[in-house]
Participant: 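Mind looking over this structure? Questions follow.
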Amino acid sequence: MTRLSSYLLPTEREAPADAEAISHKLMVRAGLIRQVGSGLWSWLPAGWRVHQRVVQIVREEMNAIGGQEMLMPVMHPAEPWRRTGRYEIDELFKLKDRRGAEMVLAMTHEEIVTGHVAAAVRSYRDLPKILYHFQVKERDEPRPRAGVLRTREFIMKDAYSFDRDLAGLEASYAKHIVAYDRMLDRCGLEWYRVESDVGMMGGLGADEYMAPCAAGENEVALAPGYAANVEVARAEAQAVALPAGRPAPEEVSTPGLTTVEAVAGALGVPEGALLKAYPVIRADGSMLLVLVRGDHRVNEIKLANALGAKFRPARPEEIAERLGPPGFIGPVGAEVPILVDDAIGMGGSASYITGANRPDAHLRGVEPGRDFAGERGDVRSVVAGDTVHGAAIRIEPAIEVGNIFKLGTRYSEPLGAGFLDEAGRSQLVLMGSYGFGPARAAAAAVEQFADEHGIAWPRNIAPFDVELVGLGKAGSEERELAERLYGELAAQGLDVLYDDRDAGPGEKFADAELLGCPARATVGRRTLVGGELEVQVRRGRESRSVPLEQAAERVAELWRSLP
RNA sequence: CGGGGAGUGGCGCAGUCUGGUAGCGCACCCGGCUGGGGGCCGGGCGGCCGCAGGUUCAAAUCCUGUCUCCCCGACCA
């Protein structure tokens, strides 16, 4: 019997002063987690039950697609990380053992799992495989934040698929989509699967599982039938009213007007009638002038993907040297290559305003194609109101709770994970990696369903199914009834937390609602007198009464009907 | 890494400017009352004021250094 009087559940009336996010405040207040250091958290018993419930759901769904659970260490020799080129990552914790050997603390486990596969797999007959584990990840995050939403140490379910060819990888990936869709549903979360960036390291495709909530660090662009991380989202830009064209560009004086807003205001045109010039320096040291509409922003991830290489913004002195005074630069006459965003209309009678590459001057009547030339590309960030298939998109903040990624040979190649096919030819294994963060899933559930009274857990990941509140003094008749009901509820398969503390009813109710078990049953004098048990559904806080003689069955039935 | 803020009892805070016996609310302990929404009365325990140096007759308070934490941004393979 889980008695609250002897359970470690230190609830707080007030949230920590430094907490911002709802999940941070409530998980601390409800006694689920406690901070140890920046980005380092302990899970107290009730919190750990939530985490374990998420873990079990994930485990069941991974097993259902043929995943094989294993366990790999957190501390690794540095060597395989050097081989894959990941030793240089700043977020990687590095240390030395007593002999001076270089070690790392794992951020993920591609190096190790691929090493095992490289050693064990010889033949196409050994493939495909899906291997996974739940293990601690260590990441030296520049800025941990918001309770368990972004931490330096956390448990991740990471899975890896190994296939002989692209069709096999696609099949493994499809299985993970099924598993992930199901685990997110079973966790009771609102979620989106969104297209995501494959990153600079390459990859054949990736999706992220996003749980929308205010504390989310990511943004997703959504329209009917469309969902993408704004890092990669593509959409039709909204039209903008452009000034009429002119026979040739014409200089206008714009003293001191270095921002799009200032120039548009002074000339009485919408910001979208300007072209924003964003000079970047590519890996080879050359400059590229990126142009986007004045009301748009350059999306550095899309730009990096379009260039297929890293770049950095140009420094003011580089801009001054190669183009003109920062704030007044533009494409006309520029002696550097130009990349023109797709949202900029080419040709036609309409025209844009651009910097003149001279102090305190802009040009109007600039027509792309006529007055300058450049390659085209989609390198801007979408904004709310852009359209996809004719429907306007909206942008929402969300927490990334899972991601799935077609790695290809990114790791099998440097680590030598190959096999022999039927023809006896040596081939590289095609890999996929699939992450899921139970702590983030739990925090997302708190974010999505909390109200002013506290947490309202989805049924499948609540710390307990039912909180049984025993009123009256210890040893009283109503307490005896409560203890009997505990046994009956447990016999129905319910996990029950029994509040047997010597505390007032108000405190018990407040704590129960803070902790947020999906149902609360109250046993007091009224229960004895009326012969009915009061049950409150946490989400919505509505109460109902069930006859005492069938109380356990009725509560179990009610519990099964909850979200 | 840039900007801002904070370390005083378990939690939330005041006191610091203007140096002079370390305070408040909640929590906790004991006794009693109450017993369906954080209830009431009485009595208690608990703090080297983040740490280290310095100034001073005297430092939570002034000076120097240092550590830690939070928020915003950058970053996040």
Side-chain angles (χ1 to χ4, degrees), chain A residues 8 10-21 24-25 28-31 34-41 81 84-92 107-108 110-111 137-147 149-152 154 196-203 206 208 215 217-218 229 231 300-301 304-305 310 312-313 399-400 403 405 407-408 410-411 414 433 435 437 452-454 469-479 482 499 501-514 520-530 532-536 541 543 545:
Chain A
L8 181 64
T11 57
E12 296 290 344
R13 193 184 291 244
E14 295 179 82
D18 51 26
E20 281 304 310
H24 181 187
K25 290 179 181 170
V28 171
R29 281 191 58 208
R34 283 294 183 267
Q35 186 166 19
V36 174
S38 180
L40 301 171
W41 291 83
W81 289 78
T84 60
R86 296 213 298 174
Y87 188 74
E88 306 309 322
I89 295 174
D90 289 336
E91 282 73 29
L92 185 66
M107 306 175 44
T108 60
E110 280 86 356
E111 279 79 0
K137 299 293 178 279
E138 305 280 352
R139 295 183 184 179
D140 195 0
E141 291 284 351
R143 190 155 99 78
R145 61 177 290 274
L149 278 183
R150 185 166 207 83
T151 57
R152 294 196 291 177
F154 60 98
S196 70
D197 183 35
V198 295
M200 289 305 297
M201 288 301 187
E208 289 166 337
E217 298 186 288
N218 295 91
N229 192 315
E231 291 175 350
E300 299 196 358
I301 290 169
N305 289 336
K310 288 195 176 184
R312 63 171 173 82
I399 298 174
E400 180 187 348
N403 70 291
F405 199 103
L407 285 170
R410 166 68 182 87
Y411 295 93
S433 72
E452 63 272 30
H453 301 279
V469 173
L471 300 179
K473 283 188 207 300
S476 63
E477 202 180 339
E478 55 264 43
R479 286 297 186 91
D499 190 348
R501 294 174 301 170
D502 182 21
E507 195 176 340
K508 293 188 175 191
F509 293 144
D511 272 352
E513 286 167 14
L514 178 59
R520 183 188 82 196
T522 305
V523 177
R525 196 157 297 266
R526 280 190 204 168
T527 320
L528 293 171
V529 175
E532 291 191 318
L533 180 69
E534 183 200 309
V535 186
Q536 186 215 49
R541 299 176 70 238
S543 293
S545 294

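Computed from a predicted structure; not experimentally measured. By convention in this document, chain letters (A, B, ...) are assigned in the order of the sequence lines, proteins followed by strands, and residues within each chain are numbered from 1.
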Participant: When all nucleic acid strands are considered with a 4.0 Å heavy-atom cut-off, which category describes A:Ala146: base, sugar-phosphate, or nothing?
Facilitator: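 Result for A:Ala146 = sugar-phosphate.
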Participant: Using whole Å, report how far CZ of A:Arg526 lies from P of B:G37.
Facilitator: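 About 7 Å, once rounded to whole Å.
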Participant: With both distances under 3.5 Å as the test, what is the Watson-Crick or G-U wobble partner of B:A6?
Facilitator: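 Because both required distances fall under 3.5 Å, B:A6 counts as paired with B:U68.
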Participant: Measure CZ/A:Arg13 against P/B:C28 and give the value in whole Å, please.
Facilitator: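 Those two atoms, CZ and P, are 10 Å apart.
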Participant: Sticking with atom P, work out how far B:G37 lies from B:A14, rounded to a whole angstrom.
Facilitator: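 The same atom, P, in both gives a distance of 34 Å.
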Participant: Look through every strand shown and name the nucleotide pairing with B:C1 as Watson-Crick or G-U wobble, where both distances are under 3.5 Å.
Facilitator: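 WC or wobble partner is B:G73.
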Participant: For each nucleotide in nucleotides 8-14 of chain B, reading 5' to 3', give B when a protein heavy atom comes within less than 4.0 Å of its base, S when such contact involves only the sugar-phosphate, and - otherwise.
Facilitator: ---SSS-
Participant: What is the distance, rounded to the nearest whole Å, between atom CG of A:Asn305 and atom C1' of B:A77?
Facilitator: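 Computing the A:Asn305:CG to B:A77:C1' distance gives 12 Å.
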Participant: When you compare B:C49 with B:G23, how far apart are their C1' atoms, in angstrom units rounded to a whole number?
Facilitator: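 Their C1' atoms lie roughly 12 Å apart.
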Participant: Expressed in whole Å, how much space separates the P atoms belonging to B:G35 and B:C40?
Facilitator: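 Result for the P pair: 15 Å, nearest Å.
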Participant: To the nearest Å, give me how far apart CZ (A:Arg520) and P (B:G38) are.
Facilitator: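 Rounded to the whole Å, the gap is 13 Å.
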Participant: Could you tell me which non-hydrogen atom of A:Ser196 sits nearest to which non-hydrogen atom of A:Asn229, and how far apart they are?
Facilitator: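 Looking at all heavy atoms of both residues, the shortest contact is CA-CB, 4.4 Å.
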Participant: Would you please name every residue forming a side-chain hydrogen bond (donor to acceptor under 3.5 Å, both in side chains) with A:Arg139, sequence neighbours left out?
Facilitator: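 Residues passing side-chain hydrogen bond (donor to acceptor under 3.5 Å, both in side chains) with A:Arg139: none at all.
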Participant: Taking the side chain of A:Gln35 as heavy atoms from C-beta outward, which of B:C26, B:G37, B:C69 is closest to it?
Facilitator: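 Per side-chain heavy atoms of A:Gln35, the pick is B:C69.
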Participant: Do the side chains of A:Lys473 and A:Asp502 get close enough for a salt bridge, i.e. N-O under 4.0 angstrom?
Facilitator: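 Here A:Lys473 does not pair with A:Asp502 in a salt bridge, since their nearest N and O are not under 4.0 Å apart.
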Participant: Test for a donor-acceptor pair under 3.5 Å between the base of B:G37 and the side chain of A:Glu513, counting only N and O atoms.
Facilitator: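 Indeed, a donor on one side and an acceptor on the other fall under 3.5 Å apart.
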Participant: Now, which nucleotide makes the Watson-Crick or G-U wobble pair with B:C62, with each of the two distances under 3.5 Å?
Facilitator: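 Its partner is B:G54.
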Participant: Between A:Leu407 and A:Ser433, which heavy-atom pair has the shortest distance, and what is it?
Facilitator: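 Looking at all heavy atoms of both residues, the closest pair is CD1-CB, 3.7 Å.
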Participant: Minimum heavy-atom separation for A:Glu141 and A:Thr151, please, with both atom names.
Facilitator: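 Heavy-atom minimum between the residues: CG-O, 3.6 Å.
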Participant: So what does A:Ser38 hit on the nucleic acid, given a heavy-atom distance under 4.0 Å: a base, only sugar-phosphate, or nothing?
Facilitator: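 Touches sugar-phosphate only.
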Participant: What is the separation between atom CH2 on A:Trp41 and atom C1' on B:C70, rounded to the nearest whole Å?
Facilitator: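 Value for this atom pair: 11 Å.
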Participant: Would A:Thr84 and A:Glu110 satisfy side chain to side chain contact (heavy atoms under 4.5 Å, CB included), going step by step from the backbone distance to the final call?
Facilitator: CA-CA 9 Å; A:Thr84 60; A:Glu110 280 86 356; over 6 Å; no
Participant: Of the listed nucleotides (B:G38, B:C72, B:G37), which one gets closest to any side-chain atom of A:Arg143?
Facilitator: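 Taking heavy atoms from C-beta onward, the closest nucleotide is B:C72.
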Participant: Could you identify the nucleotide paired to B:C48, looking across every strand shown and requiring Watson-Crick or G-U wobble geometry with both distances under 3.5 Å?
Facilitator: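 Result: none.
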Participant: Quick check for you: among B:G38, B:G37, B:A77, whose closest atom lies nearest to any side-chain atom of A:Gln536?
Facilitator: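 In terms of side-chain proximity for A:Gln536, the closest of B:G38, B:G37, B:A77 is B:G37.
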Participant: Categorize A:Arg34 for me: base, sugar-phosphate, or nothing, with a 4.0 angstrom heavy-atom threshold over every strand shown.
Facilitator: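 Result for A:Arg34 = nothing.
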Participant: Give a yes or no answer on whether the side chain of A:Arg86 reaches the backbone of A:Trp81 with a donor-acceptor pair at less than 3.5 Å.
Facilitator: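 Judged by distance alone, no pair lies under 3.5 Å.
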Participant: Please give the nucleotide sitting opposite B:G42 as a Watson-Crick or G-U wobble pair, both distances under 3.5 Å, or none.
Facilitator: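 Across all strands, the one nucleotide that pairs with B:G42 is B:C30.
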Participant: Which sits closer to the 5' end of RNA chain B, A:Arg152 or A:Leu514, going by the nucleotide each is nearest to?
Facilitator: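 Looking at the nearest nucleotide for each, A:Leu514 comes out on the 5' side.
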Participant: Nearest whole Å is fine: how far is B:A77 P from A:Asn229 CG?
Facilitator: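 Checked: the CG to P distance equals 11 Å.
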Participant: Once you apply the 3.5 Å cut-off to both distances, tell me the Watson-Crick or G-U wobble partner of B:C17, or none.
Facilitator: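 Pairing partner: none.
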Participant: What is the separation between atom CD1 on A:Ile89 and atom C1' on B:C75, rounded to the nearest whole Å?
Facilitator: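 Value for this atom pair: 13 Å.
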Participant: Both distances below 3.5 Å, Watson-Crick or wobble geometry, any strand: find the nucleotide opposite B:G25.
Facilitator: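 Paired with B:G25, as far as the under-3.5 Å criterion goes, is B:C11.
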Participant: Mind listing the N/O atom pairs, protein and nucleotides 31-35 of chain B, below 3.5 Å?
Facilitator:
from  : atom 1 : to       : atom 2 : distance (Å)
B:G35 : O6     : A:Lys473 : NZ     : 2.5
B:G35 : N2     : A:Ala503 : O      : 3.1

Participant: Take the protein atom CD of A:Glu91 and the nucleotide atom C1' of B:A77, then report the distance between them rounded to whole Å.
Facilitator: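 So the CD-C1' distance, A:Glu91 to B:A77, works out to 9 Å.
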Participant: What contact category does A:Ser433 fall into here, base, sugar-phosphate, or nothing, at under 4.0 angstrom with non-hydrogen atoms?
Facilitator: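 No contact at all - A:Ser433 keeps every heavy atom at 4.0 Å or more from the nucleic acid.
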Participant: Apply the test salt bridge (charged side-chain N to carboxylate O under 4.0 Å, His left out) to residues A:Glu217 and A:Arg145: give CA-CA distance (whole Å), side-chain angles for both, the deciding distance (0.1 Å), then the verdict.
Facilitator: CA-CA 10 Å; A:Glu217 298 186 288; A:Arg145 61 177 290 274; 3.3 Å; yes
Participant: For A:Arg501, is there any backbone N or O sitting under 3.5 Å from a side-chain donor or acceptor partner on A:Lys508?
Facilitator: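 Yes, because the side chain of A:Lys508 sits within donor-acceptor range (under 3.5 Å) of the backbone of A:Arg501.
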